[in-house]
J.: 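For reference, the structure I am asking about is given below.
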There are 4 protein chains.
Amino acid sequence: MPCVDPANPSSRSSRAESQARTRERLIEAARQLLVSHGFGGTSIRDIAERAGFSQGAFYSNFSGKEDILLELLRRYMEDEAAQLSAVLDRSGDAADAMLAGLELWAAELDRETDWAMLSIELQLHAQRSPAFAVAFLGVWEAHRHALGQLLTRLFHGLGRQLPAEPSALAAGFMAMAHGLALQRLSAPDGPGDCVLMVFLRGLIAGAAPRGDGPGC
Amino acid sequence: MPCVDPANPSSRSSRAESQARTRERLIEAARQLLVSHGFGGTSIRDIAERAGFSQGAFYSNFSGKEDILLELLRRYMEDEAAQLSAVLDRSGDAADAMLAGLELWAAELDRETDWAMLSIELQLHAQRSPAFAVAFLGVWEAHRHALGQLLTRLFHGLGRQLPAEPSALAAGFMAMAHGLALQRLSAPDGPGDCVLMVFLRGLIAGAAPRGDGPGC
Amino acid sequence: MPCVDPANPSSRSSRAESQARTRERLIEAARQLLVSHGFGGTSIRDIAERAGFSQGAFYSNFSGKEDILLELLRRYMEDEAAQLSAVLDRSGDAADAMLAGLELWAAELDRETDWAMLSIELQLHAQRSPAFAVAFLGVWEAHRHALGQLLTRLFHGLGRQLPAEPSALAAGFMAMAHGLALQRLSAPDGPGDCVLMVFLRGLIAGAAPRGDGPGC
Amino acid sequence: MPCVDPANPSSRSSRAESQARTRERLIEAARQLLVSHGFGGTSIRDIAERAGFSQGAFYSNFSGKEDILLELLRRYMEDEAAQLSAVLDRSGDAADAMLAGLELWAAELDRETDWAMLSIELQLHAQRSPAFAVAFLGVWEAHRHALGQLLTRLFHGLGRQLPAEPSALAAGFMAMAHGLALQRLSAPDGPGDCVLMVFLRGLIAGAAPRGDGPGC
DNA sequence: TATGAATGAGTATTCATTCAT
DNA sequence: AATGAATGAATACTCATTCAT
């Protein structure tokens with residue numbers, strides 16, 4: 001009898017599990033290749049080969065190169081959001097703890113060059129594919145907003161006025177973080193991400209006490 | 001007959017001029033396409049076509065795609081160096097004038113998104129081609145050094161201590177400028193380059209008076 | 001649970017019914033796609049998808065694309081034979097009734113462009129697959145013979161001599177019918193199938209009274 | 001000196017000649033393959049291979065598969081037009097000569113199965129590609145008109161009334177000719193194209209003397 | 001029986017590059 | 001110096017077919 005006992009997950013789910021494993025391996029292969037060779041320099045054949053599958057396997061899991069990029073975007077977002085909310089949660093409203101948390105986050109960025117490179121590839125591709133841009137923009141704004149909130153709470157805790165719109169400052173920090181990551185690869189002897197903290201401290205030091213309006 | 005008399009110097013120079021024109025048109029076409037489609041998305045055929053020449057004409061002037069990229073890098077460098085030295089020259093040692101000059105420079109960056117995109121493409125390609133990386137690194141360091149000098153003179157004029165290595169700060173500014181340019185394209189409603197100045201003012205405000213050592 | 005009790009005959013027959021339904025839906029999907037996209041332009045995936053099944057379901061019912069084509073051939077043959085024998089039966093030996101019947105048949109062909117297109121696809125495929133050609137030839141000859149008999153009886157009833165072999169004339173009529181159907185699709189403002197009857201009437205008018213031999 | 005003497009055609013034209021030869025070989029290869037394997041069954045790789053060139057050579061001569069089909073259509077048209085006008089020219093207004101000419105033409109069709117098959121492929125493709133249909137329709141109508149004129153002159157010369165619109169009768173003859181060619185390949189023992197003449201003679205015999213109107 | 005993930009060979013098309021002209 | 005036809009390898013993607021479930 002070809003019947004399957006729905007109570008037995010081992011047989012029923014092994015198929016789904018197997019496919020999930022395939023998908024996962026393809027995604028990881030794509031991430032590595034996109035980071036090191038860029039969108040244009042990464043072929044689907046390469047992705048499938050590195051994952052140890054045929055090209056057809058790629059196409060039964062994704063509709064094309066942009067599709068797997070969207071999946072990477074989704075994961076990138078989740079990862080970043082988790083990191084930021086961790087900083088927020090760990091430090092509560094204590095400004096010192098928050099600063100320390102951000103320092104940790106900046107140091108983290110320093111090591112996770114991959115995500116930074118991927119972010120740049122995603123931004124570049126968003127600029128070139130309108131369809132992808134839509135998806136990307138949503139993620140980006142959410143990300144900028146989260147970092148902006150963190151900055152707001154930090155300055156509030158320090159009794160300082162934010163010198164510009166929170167999301168504008170957040171954009172500046174993200175831009176610098178990504179730009180530095182990009183530099184680090186081509187010029188490995190450049191400055192680390194401690195520069196980021198130098199700028200943050202400068203911003204704090206230069207910020208007016210609460211009461212004045214933002215300046216930008 | 002389209003023959004040229006080799007004894008006639010005027011025609012000989014017109015030949016050289018004609019070749020220079022060809023080269024120029026190819027470079028400009030390559031710049032536009034690289035900015036809008038990226039290195040991987042730009043084919044030599046497209047470059048030649050947009051310039052109004054055959055593919056063979058491209059190969060008569062450049063040895064390949066990387067070769068024309070090097071030419072673009074050289075021009076990018078010249079352009080940036082000229083801009084920075086203009087800021088330096090115009091303002092002498094007056095801190096106020098220098099700050100105003102930098103503000104102008106930041107505003108300039110805001111408009112010249114093309115150069116920023118090209119810079120990112122160059123950085124990405126440097127990461128992928130060791131041969132290109134060598135050439136790129138030289139230009140990059142020179143550039144960073146020039147901007148660092150400007151910052152040194154600026155802080156000196158203001159009687160302040162640089163909060164970090166000049167070239168590290170320069171790297172940070174360049175990273176932010178490029179990162180912001182990238183963001184601006186995918187998210188056009190984001191913040192302008194005034195953010196750059198906010199950070200610079202913060203750095204100045206937070207900088208210790210001369211005497212203490214740098215902190216990074 | 002989706003299990004079926006094998007001891008229950010009603011469910012067993014419903015299984016057979018279900019399979020027959022699957023088969024039927026696949027055949028109909030294949031017919032539509034073959035007519036509109038041709039043999040080469042129709043993929044098994046498309047057939048299964050249009051029928052609402054998986055590709056595996058197709059292979060559970062047919063051994064390949066040619067197999068389902070054979071099934072379509074069988075049905076085509078049955079349909080045509082039924083139509084012709086209906087004309088024969090309805091009209092008995094009365095020449096007038098037979099002519100009227102044929103006129104009806106021609107008009108029918110005019111509407112059923114699908115079968116004509118399918119017939120052309122079948123003929124084309126027969127030319128390309130020897131295995132299929134064998135099956136096709138049998139059907140074709142039977143068909144030609146049936147139409148030939150009809151013509152024989154018609155001319156006999158009219159007291160005329162057939163101007164050529166019955167099956168040769170039948171072949172001519174079928175050729176014209178299919179060719180006209182093909183034309184009608186690419187050139188919809190062309191002549192209808194009344195042309196067929198014009199030719200038939202011409203044949204009758206030009207036929208010698210019984211006694212002389214055929215001329216071809 | 002790289003100058004070329006424009007008076008010497010051998011060097012200047014050898015390039016064009018060489019390309020024309022390439023193009024010609026590709027067209028001939030495409031014709032053969034399209035006739036024997038159909039549009040869907042013919043790949044560009046096959047065409048290039050049979051012609052002895054690379055796939056790239058195909059693409060420097062044609063923009064795609066449909067493009068070479070259009071070229072074949074053009075040649076088919078020219079060929080058919082030439083054949084029909086030859087029949088017309090050779091026979092003047094003499095009905096007998098014209099009939100003999102047509103008989104020759106029918107016999108010719110019998111041998112040139114290739115063109116008939118190609119015509120069917122063209123018709124099928126016209127049905128599936130709107131862009132191609134436009135080009136095809138023009139050719140088709142011209143062809144039908146030419147054959148219609150021939151029939152008009154023939155019947156006029158015989159003092160008979162055409163039993164239907166000239167172009168409708170022409171469509172019928174062309175349909176039969178193509179349908180018979182198709183049959184001949186799958187059923188080689190079928191009737192030859194003499195059937196065509198039987199139908200033509202029937203049409204003439206059944207035609208009313210001049211004065212009555214057409215019947216369709 | 002029916003599923004659909006996976007395969008491997010195939011499809012059309014584009015690429016950087018060469019070379020006779 | 002500039003042309004552009006031709007190459008051969010690469011590209012994204014589709015195909016018929018298999019097989020564990």
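The figures that follow rest on heavy atoms only: side chains count, while hydrogens, waters and symmetry mates do not. Convention: sequence-line order gives letters A, B, ...; per-chain numbering from 1.
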J.: Can a salt bridge be assigned to the pair B:Glu28 and B:Arg21 using a cut-off of 4.0 Å between side-chain N and carboxylate O?
T.: no
J.: F:dT11 C1' sits how many Å from A:Phe39 CZ, rounded?
T.: 12 Å
J.: Start at the 5' end of DNA chain E and walk down; is the nucleotide closest to D:Gln55 or to B:Tyr59 reached first?
T.: D:Gln55
J.: In terms of the angle between their ring planes, are D:His125 and D:Phe132 parallel, tilted or perpendicular, with boundaries placed at 30° and 60°?
T.: perpendicular
J.: May I have the distance from B:Glu49 (atom CD) to F:dG4 (atom C1'), rounded to whole angstrom?
T.: 12 Å
J.: Using heavy atoms to find the nearest nucleotide of DNA chain F for B:Arg23 and D:Gly56 separately, return the residue whose nucleotide is more 5′.
T.: B:Arg23
J.: Both distances below 3.5 Å, Watson-Crick or wobble geometry, any strand: find the nucleotide opposite F:dA20.
T.: E:dT3
J.: Taking the side chain of A:Asn61 as its heavy atoms from C-beta onward, which of E:dA6, F:dA1, E:dA16 lies nearest to it?
T.: E:dA6
J.: Need to verify one output field. Residue with the more 5' nearest nucleotide on DNA chain E, A:Gly52 or D:Lys65?
T.: A:Gly52
J.: Nearest whole angstrom, please: distance from the P of F:dC13 to the CZ of D:Arg45.
T.: 17 Å
J.: Roughly how many Å is it from CG in C:Leu33 to P in F:dC15, rounded to a whole number?
T.: 12 Å
J.: Using a 4.0 Å heavy-atom cut-off across all strands, classify B:Ser43 as base, sugar-phosphate, or nothing.
T.: sugar-phosphate
J.: Which whole-number value in Å describes the distance from B:Glu66 CD to E:dT17 P?
T.: 10 Å
J.: B:Ile47 CD1 to E:dT17 C1': how many Å, rounded?
T.: 14 Å
J.: State which of F:dA16, F:dA2, E:dT17 makes the closest approach to the side chain of B:Ser54.
T.: F:dA2
J.: Can you tell me how far P of F:dA6 sits from CZ of D:Arg21, to the nearest Å?
T.: 10 Å
J.: Starting the side chain at C-beta, find the nucleotide from F:dA5, F:dA12, E:dA16 nearest to D:Gln19.
T.: F:dA5
J.: I'd like to know if C:Glu49 pairs up with C:Arg25 as an ion pair, taking the criterion as any Lys NZ or Arg NE/NH1/NH2 lying under 4.0 Å from an Asp or Glu carboxylate oxygen.
T.: no
J.: Checking contacts here: which listed nucleotide (F:dC13, E:dT7, E:dA2) is nearest the side-chain heavy atoms of C:Ser18?
T.: E:dA2
J.: In terms of side-chain geometry, is the basic nitrogen of A:Arg128 or B:Glu121 positioned less than 4.0 Å from the acidic oxygen of its partner?
T.: yes
J.: Of the listed nucleotides (E:dA6, E:dA2, F:dC13), which one gets closest to any side-chain atom of C:Ala57?
T.: E:dA2
J.: Side chain of A:Ser60, heavy atoms from C-beta onward: which of E:dA16, E:dT3, E:dA6 has the nearest atom to it?
T.: E:dA6
J.: Ignoring hydrogens and geometry beyond distance, is the side chain of A:Arg15 in donor-acceptor contact with the base of E:dT3 at under 3.5 Å?
T.: yes
J.: Send over the distance from D:Ile68 CD1 to E:dA12 C1', rounded to a whole Å.
T.: 14 Å
J.: So which pairs with a foot in residues 42-76 of chain A pass ring pair (Phe, Tyr, Trp, His ring centres under 6.0 Å), sequence neighbours left out?
T.: A:Phe58-A:Phe62, A:Tyr76-A:Trp115
J.: Taking B:Arg74 first and then B:Glu71, would you say they form a salt bridge - that is, a charged N and a carboxylate O separated by under 4.0 Å?
T.: yes
J.: Considering heavy-atom distances to DNA chain F, does B:Ala20 or A:Asp46 have its closest nucleotide positioned more toward the 5' end?
T.: B:Ala20
J.: Categorize A:Ser63 for me: base, sugar-phosphate, or nothing, with a 4.0 angstrom heavy-atom threshold over every strand shown.
T.: nothing
